[in-house]
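Just below is one structure, and these are the notes that go with it.
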Amino acid sequence: MALTLDNYFLPGWRDQTHTCPACEWQGSARQMPMELHEDEAEFDCPQCENPILLVVHPSLAQVQAAAADGHPEAIEQMAILAAAPRPH
């Protein structure tokens with residue numbers, strides 16, 4: 001069963017070592033293929049394609065809180081949102 005990470009802004013999650021429960025491959029999220037879904041990103045084992053990690057997409061409130069705490073990626077996401085055209 002895949003590990004679910006609810007805090008996208010948790011430091012170091014991309015570099016943490018995970019072990020595939022199906023084939024025992026070990027590696028980080030950076031080494032895994034990723035599938036984007038509506039509510040989450042799924043990281044699969046590159047060896048057997050077993051889902052290893054599910055990362056829930058952050059809510060706007062989580063992005064705002066992380067940006068307020070100085071998280072660089074959250075700050076960048078807030079800038080993208082600020083630059084987006086607004087409906088009239």
Side-chain angles (χ1 to χ4, degrees):
M1 184 161 163
L3 171 69
T4 299
L5 178 66
D6 291 322
N7 182 359
Y8 177 87
F9 297 106
L10 184 70
W13 70 263
R14 288 178 179 92
D15 298 311
Q16 181 181 12
T17 299
H18 298 277
T19 301
C20 177
C23 73
E24 298 185 1
W25 172 87
Q26 291 187 336
S28 71
R30 294 185 190 279
Q31 298 169 287
M32 298 179 213
M34 177 185 66
E35 291 181 34
L36 285 176
H37 300 283
E38 186 173 335
D39 297 323
E40 66 201 14
E42 177 181 304
F43 292 83
D44 299 330
C45 176
Q47 194 163 291
C48 73
E49 300 181 3
N50 183 60
I52 296 177
L53 180 64
L54 301 174
V55 181
V56 178
H57 299 313
S59 66
L60 178 57
Q62 289 171 316
V63 176
Q64 290 169 329
D69 287 342
H71 192 287
E73 190 174 357
I75 292 168
E76 182 179 318
Q77 289 177 5
M78 290 303 298
I80 292 168
L81 290 172
R86 304 213 186 283
H88 298 281

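Numbers for residues simply follow the sequence, beginning at 1.
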Partner set under side-chain hydrogen bond (donor to acceptor under 3.5 Å, both in side chains) for Glu73, not counting sequence neighbours: Tyr8, Arg14
Pairs involving residues 74-88, ordered by first then second residue, that meet salt bridge (charged side-chain N to carboxylate O under 4.0 Å, His left out) (sequence neighbours left out): none
For His18, all residues meeting ring-ring contact (aromatic ring centres under 6.0 Å, His included), sequence neighbours excluded: none
Set of residues satisfying side-chain hydrogen bond (donor to acceptor under 3.5 Å, both in side chains) with respect to Arg30, sequence neighbours excluded: Asp15
Cluster check Leu54, Leu3: I/L/V/M/F/W/Y, side chain < 4.5 angstrom: no
Residue list, side chain to side chain contact (heavy atoms under 4.5 Å, CB included) with Thr17, at least two apart or on another chain: Gln26
Sequence-distant partners of Ala22, side chain to side chain contact (heavy atoms under 4.5 Å, CB included), two or more places apart: Cys20, Cys48, Asn50
Minimal non-hydrogen separation, Gln77 against Val63, with atom names: OE1-CG2, 3.5 Å
Pair listing, side chain to side chain donor-acceptor pair (under 3.5 Å) test, anchored in residues 39-49, at least two apart: none
Apart from Ile75 itself, residues in the same hydrophobic cluster as defined by side-chain heavy atoms under 4.5 Å: none
Other cluster members, Met1 - Ile/Leu/Val/Met/Phe/Trp/Tyr, side-chain contacts below 4.5 Å: none
Ile80 reachable from Leu60 in the ILVMFWY side-chain graph, under 4.5 Å edges: no
Shortest non-hydrogen contact between Ala41 and His57, atoms and distance: N-CE1, 3.8 Å
Value rounded to 0.5 Å, distance of SG in Cys23 from CD1 in Ile52: 7.0 Å
Nonpolar side-chain network containing Val56, other nodes, edges under 4.5 Å: none
Ring pair (Phe, Tyr, Trp, His ring centres under 6.0 Å) pairs, two or more places apart, involving residues 19-54: Trp13-Phe43
Separation of Gln16 CD from Leu5 CG (nearest 0.5 Å): 8.0 Å
